There are 2 protein chains.
Amino acid sequence: MSKSNNVYKDAYNRGLRLLEETKSLPSEPELGALLGVSRTTIRTILARMEETGLIAWNKRSKTVLRVPRQDDFFPEEETDTLSQIIERSFMRRLLAGGAEPGMQINELELAREIGVGTTSVREFLIRFSRFGLIEKRRNSHWVLKGFTRAFALELTEIREMFELRSAAAFAALPEDSPVWADLDLLEDEHRLLAREIATRFNEFSELDERFHRLIHRASHNRFIVDFYDVIAMIFHYHYQWNKAQERERNEVAVAEHLAYIAALKSRDLGKVDAACRKHLKSARHTLLTSIPEGQQP
Amino acid sequence: MSKSNNVYKDAYNRGLRLLEETKSLPSEPELGALLGVSRTTIRTILARMEETGLIAWNKRSKTVLRVPRQDDFFPEEETDTLSQIIERSFMRRLLAGGAEPGMQINELELAREIGVGTTSVREFLIRFSRFGLIEKRRNSHWVLKGFTRAFALELTEIREMFELRSAAAFAALPEDSPVWADLDLLEDEHRLLAREIATRFNEFSELDERFHRLIHRASHNRFIVDFYDVIAMIFHYHYQWNKAQERERNEVAVAEHLAYIAALKSRDLGKVDAACRKHLKSARHTLLTSIPEGQQP
DNA sequence: TTATTGTCTTTTATCGTGAAAAAACAGTTT
DNA sequence: AAACTGTTTTTTCACGATAAAAGACAATAA
């Protein structure tokens, strides 16, 4: 196998959802823009849709014949990127315990275990190295630095530095900047979530990321914006392994976000600083308490 | 060709220099530690040294027979890593002009031009992407963001944030920390260079990097330490293309460093902050004035 | 018995190759 | 003629294979 066709499969699945809404599909370039793939892939999708009797396709006319059934969709797991598969697998090992700091990482073994080529694993490790959890020894193996307390402290130190600066930049943005509308929308979503926190608390992490990314973007600094990838990645997995008091934690965080948003809207730099600091402090606390004890150096 | 033996060649060249100093070489493991390579490579080196009549090798005894000549050394260019070759080639293109921001980067074309496989180029681009000069479009090509004024400003913003913090951490280090001795040594080197600046001004860049890395290390934060790689990389190439007033610039910088060092030794946070700010300001100015005009967006 | 050498095994670095996906080009339709 | 479809070319992505380099193990010498 040289390259999986997950791009096609994922786009196909998303394309199926379009069939539920319309009686005929738009032009190929339009579909390409809609699904974010090339026309080549669109044509492969259309070909299969025709084959399975979902549409009648003749040049410009693409008539929907029937609504897609559950078994028309490709299985979820076949739509993942190789790097997503590798990352998940790698993080599972990392968090499963037994992954002590200092331990060496074997490309070949990882590749065999996950069932992929070594090149993909290498490329993943290179990409992953910027998160600061692993390190390469010159023409030799990788070393696991581990998700330790030191890591969490170093991460949050930078995060706090960057976010305080971004928040200040945000508050200083002119009245007519479109970000204020974005902020209003996010505020509404927060209020809604706060009201239904009892049942929807697990939707917070996604909202959290969108909120903080909006703030960081105000810095207009690529290094600050990019650094949020590290935070997002850590929090993504952190949310998965630390379910203790998830509802309570998220409830507190939503309230802090609302206070933070109010401070931003007030444009009062003192208030912004205080609200930001308060939220970051509790975020740091949450992260620190969740570090597995076995991984202390 | 599947893998070049540059590790061997480079270690061999460094090994030759040992022959000039001693009459017999130490054990294989010891040599390995000395040259930073495995025993396998050491044995290959010894085998060649024996073959070319440099040493007599019999088990433990490795007697030096003659001093190495110039033609015993492998050519300099054969000792480079592939990634060094690719980086140099890539940067040359980037700085040669005609590399407008937004331009797309072609892996295959790069690989062909440099005469290497696509895998190596891909891995280089992934590694290089953390410098913020290029960006990947999801399952498509890379896009050049370019060495623009915006880039320089974003870079220096972070640099200043990080260095001010590191410098403060440095000054707060206890009396008995070994960094003070390192600082003393660096101070001496600065004084020496200041005295002979007329002839040795081009040695400043290397000293500059060592000095700033020492400071950054005091932060004890991997993200801060790692970020210096971005700065070092930019300054490395910056020094190559901007030779205007090099002597004057370096003379000023050496003086600023000495003031900075004095401030650190005084442990007076106010003085440290002032000296650091002053130096960073002139460093930023130097960098900004050197940005090629043609690359403004 | 401990470090060192000789030998064998494993892992990393790099390439060429082939399928998936993108992009370019050419011919059609409205 | 502008946008679309059909066709061809190019590029990206991922693999297996292979030489370089590292590492492990057994045999040996101090």
Side-chain angles (χ1 to χ4, degrees), chain A residues 1-11 26-32 35-47 57-62 81-83 85-86 104-112 115-126 136-142, chain B residues 1-11 26-32 35-47 57-62 81-83 85-86 104-112 115-126 136-142:
Chain A
M1 175 215 334
S2 65
K3 188 182 181 183
S4 94
N5 53 356
N6 66 79
V7 173
Y8 153 67
K9 286 178 176 170
D10 179 54
S27 76
E28 294 172 13
E30 210 167 318
L31 280 168
L35 299 176
V37 293
S38 75
R39 204 157 69 76
T40 309
T41 307
I42 291 296
R43 299 190 112 237
T44 322
I45 290 170
L46 290 173
W57 180 27
N58 187 277
K59 307 201 169 173
R60 276 150 214 248
S61 94
K62 307 169 194 82
T81 315
L82 238 207
S83 68
I85 295 169
I86 298 174
Q104 74 181 60
I105 297 163
N106 189 320
E107 289 177 8
L108 200 61
E109 188 189 322
L110 253 179
R112 273 196 292 245
V116 297
T118 51
T119 313
S120 314
V121 169
R122 279 176 68 75
E123 288 181 3
F124 163 76
L125 290 172
I126 295 169
K136 178 114 181 82
R137 291 285 142 83
R138 206 176 94 80
N139 49 300
S140 181
H141 55 264
W142 292 83
Chain B
M1 176 217 333
S2 66
K3 189 183 180 181
S4 95
N5 54 355
N6 67 79
V7 173
Y8 153 68
K9 286 178 176 168
D10 180 54
S27 76
E28 295 172 12
E30 210 167 320
L31 279 168
L35 299 176
V37 294
S38 76
R39 205 156 69 77
T40 308
T41 306
I42 291 295
R43 299 191 111 236
T44 322
I45 290 170
L46 290 174
W57 180 27
N58 186 278
K59 309 202 169 170
R60 278 149 214 249
S61 94
K62 307 169 194 81
T81 316
L82 237 206
S83 67
I85 295 169
I86 298 174
Q104 75 180 63
I105 297 163
N106 189 321
E107 288 178 8
L108 201 61
E109 188 188 322
L110 256 178
R112 273 195 293 245
V116 298
T118 52
T119 314
S120 313
V121 170
R122 281 176 66 75
E123 288 182 4
F124 163 76
L125 290 171
I126 295 170
K136 177 116 182 81
R137 290 285 140 83
R138 206 177 91 80
N139 51 303
S140 180
H141 54 263
W142 292 84

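Residue numbers start from 1 in every chain, and the chains themselves are labelled A, B, ... in the order their sequence lines are given, proteins ahead of strands. The structure presented is a predicted model; accordingly, all values stated were derived computationally and were not measured.
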Visitor: Would you tabulate the nitrogen or oxygen pairs shorter than 3.5 Å linking the protein to nucleotides 8-11 of chain C?
Guide:
residue : atom : partner  : partner atom : Å
C:dT11  : OP1  : A:Asn106 : ND2          : 2.6
C:dT11  : O5'  : A:Asn106 : ND2          : 3.4

Visitor: Quick one: list whatever passes side-chain contact (heavy atoms from CB on, under 4.5 Å) with A:Thr40, sequence neighbours left out.
Guide: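 Expected list: A:Ser38.
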
Visitor: Can you check the B:Ile85 CD1 to C:dC15 C1' distance for me, whole Å?
Guide: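 Roughly 15 Å, once rounded to whole Å.
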
Visitor: Separation of B:Lys3 atom NZ from C:dA13 atom P, in whole Å?
Guide: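 Rounding to the nearest Å, NZ of B:Lys3 and P of C:dA13 are 6 Å apart.
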
Visitor: Partners of B:Gln104 by side-chain hydrogen bond (donor to acceptor under 3.5 Å, both in side chains), sequence neighbours excluded?
Guide: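 None.
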
Visitor: Taking side-chain contact (heavy atoms from CB on, under 4.5 Å) as the test, write out the residues that go with B:Thr81, two or more places apart.
Guide: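 Counting only residues at least two positions away or on another chain, B:Thr81 forms a side-chain contact (heavy atoms from CB on, under 4.5 Å) with A:Arg138, B:Asn6, B:Ser83, B:Gln84.
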
Visitor: Please tell me which of A:Gly117 and B:Lys9 maps to the more 5' nucleotide of DNA chain D, matching each residue to the nucleotide holding its nearest heavy atom.
Guide: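 The 5'-side residue here is A:Gly117.
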
Visitor: For a 4.5 angstrom cut-off between non-hydrogen side-chain atoms, does A:Ile126 reach B:Phe124?
Guide: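 Contact flag for A:Ile126/B:Phe124 side chains = no.
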
Visitor: So for the helix from C:dT1-D:dA30 to C:dT30-D:dA1, with five pairs setting each end axis, what is the inter-axis angle to 10°?
Guide: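 That helix gives 30° between its end axes.
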
Visitor: Would you mind classifying the nucleic acid contact of B:Ser140 as base, sugar-phosphate or nothing, using non-hydrogen atoms under 4.0 angstrom?
Guide: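 Sugar-phosphate: the residue B:Ser140, judged by heavy atoms under 4.0 Å, touches backbone atoms but no base.
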
Visitor: Output the single nucleotide from D:dT18, C:dC15, C:dG6 whose closest atom is nearest the side chain of B:Glu28.
Guide: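 Of the candidates, C:dG6 comes closest.
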
Visitor: Between A:Lys62 and D:dC4, is there a side-chain N or O to OP1/OP2 distance below 4.0 Å?
Guide: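 False: A:Lys62 side-chain N/O out of range (4.0 Å or more) of D:dC4 OP1/OP2.
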
Visitor: For A:Glu30, which residues count as a side-chain hydrogen bond (donor to acceptor under 3.5 Å, both in side chains) partner, sequence neighbours excluded?
Guide: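 Residues passing side-chain hydrogen bond (donor to acceptor under 3.5 Å, both in side chains) with A:Glu30: none at all.
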
Visitor: So what does B:Ser120 hit on the nucleic acid, given a heavy-atom distance under 4.0 Å: a base, only sugar-phosphate, or nothing?
Guide: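 Counting heavy atoms under 4.0 Å across all strands, the contact made by B:Ser120 is with sugar-phosphate only.
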
Visitor: A:Arg112: what forms a side-chain contact (heavy atoms from CB on, under 4.5 Å) with it, not counting sequence neighbours?
Guide: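 Listed in chain order: A:Leu108.
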
Visitor: Of the candidate nucleotides D:dC15, C:dA19, D:dA21, which contains the atom at the shortest distance from the side chain of A:Asn139?
Guide: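 Among the listed nucleotides, the one closest to the side chain of A:Asn139 is D:dA21.
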
Visitor: Please compare A:Ser27 and B:Gly36 by the position of their nearest nucleotide in DNA chain D and report the one closer to 5'.
Guide: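 Closest to the 5' end, via its nearest nucleotide, is A:Ser27.
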
Visitor: Sequence neighbours excluded, which residues qualify as side-chain hydrogen bond (donor to acceptor under 3.5 Å, both in side chains) partners of B:Arg39?
Guide: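 B:Arg39 satisfies side-chain hydrogen bond (donor to acceptor under 3.5 Å, both in side chains) with B:Glu28 once adjacent residues are dropped.
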
Visitor: Using a 4.0 Å heavy-atom cut-off across all strands, classify B:Lys136 as base, sugar-phosphate, or nothing.
Guide: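 Sugar-phosphate only.
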
Visitor: Looking at the side chain of B:Ser2, which of D:dG6, D:dT18, D:dA14 is the nearest nucleotide?
Guide: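 Nearest to the side-chain atoms of B:Ser2, counting from C-beta on, is D:dT18.
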
Visitor: Which listed nucleotide (C:dA21, C:dT14, D:dA22) is nearest to the side chain of A:Arg122?
Guide: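 The listed nucleotide nearest to A:Arg122's side chain is C:dT14.
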
Visitor: Below 3.5 Å is the cut-off: list the nitrogen or oxygen pairs between protein and nucleotides 26-30 of chain D, distance only.
Guide:
none

Visitor: Output all residues satisfying side-chain hydrogen bond (donor to acceptor under 3.5 Å, both in side chains) with B:Asp10, sequence neighbours left out; order by chain, then residue number.
Guide: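 Result, side-chain hydrogen bond (donor to acceptor under 3.5 Å, both in side chains) vs B:Asp10: B:Arg14.
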
Visitor: Between A:Trp142 and B:Thr118, just flag the one whose closest nucleotide in DNA chain C comes earlier from the 5' side.
Guide: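 By nearest-heavy-atom nucleotide position, the 5'-most residue is A:Trp142.
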
Visitor: Restricting to side-chain contact (heavy atoms from CB on, under 4.5 Å), what partner residues turn up for A:Thr44, sequence neighbours left out?
Guide: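 Here the qualifying residues are A:Tyr8.
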
Visitor: Applying salt bridge (charged side-chain N to carboxylate O under 4.0 Å, His left out), name anything that partners B:Lys9, two or more places apart in sequence or on another chain.
Guide: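 Partners of B:Lys9 by the salt bridge (charged side-chain N to carboxylate O under 4.0 Å, His left out) criterion, ordered by chain and then number, come out as B:Glu78.
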
Visitor: State, yes or no, whether a side-chain contact exists between A:Val116 and A:Leu82 at a heavy-atom distance under 4.5 Å.
Guide: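 Yes - at least one pair of side-chain heavy atoms lies under 4.5 Å apart.
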
Visitor: Using atom CD1 of B:Ile42 as one end and atom C1' of D:dG23 as the other, report the distance to the nearest whole Å.
Guide: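 Those two atoms, CD1 and C1', are 14 Å apart.
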
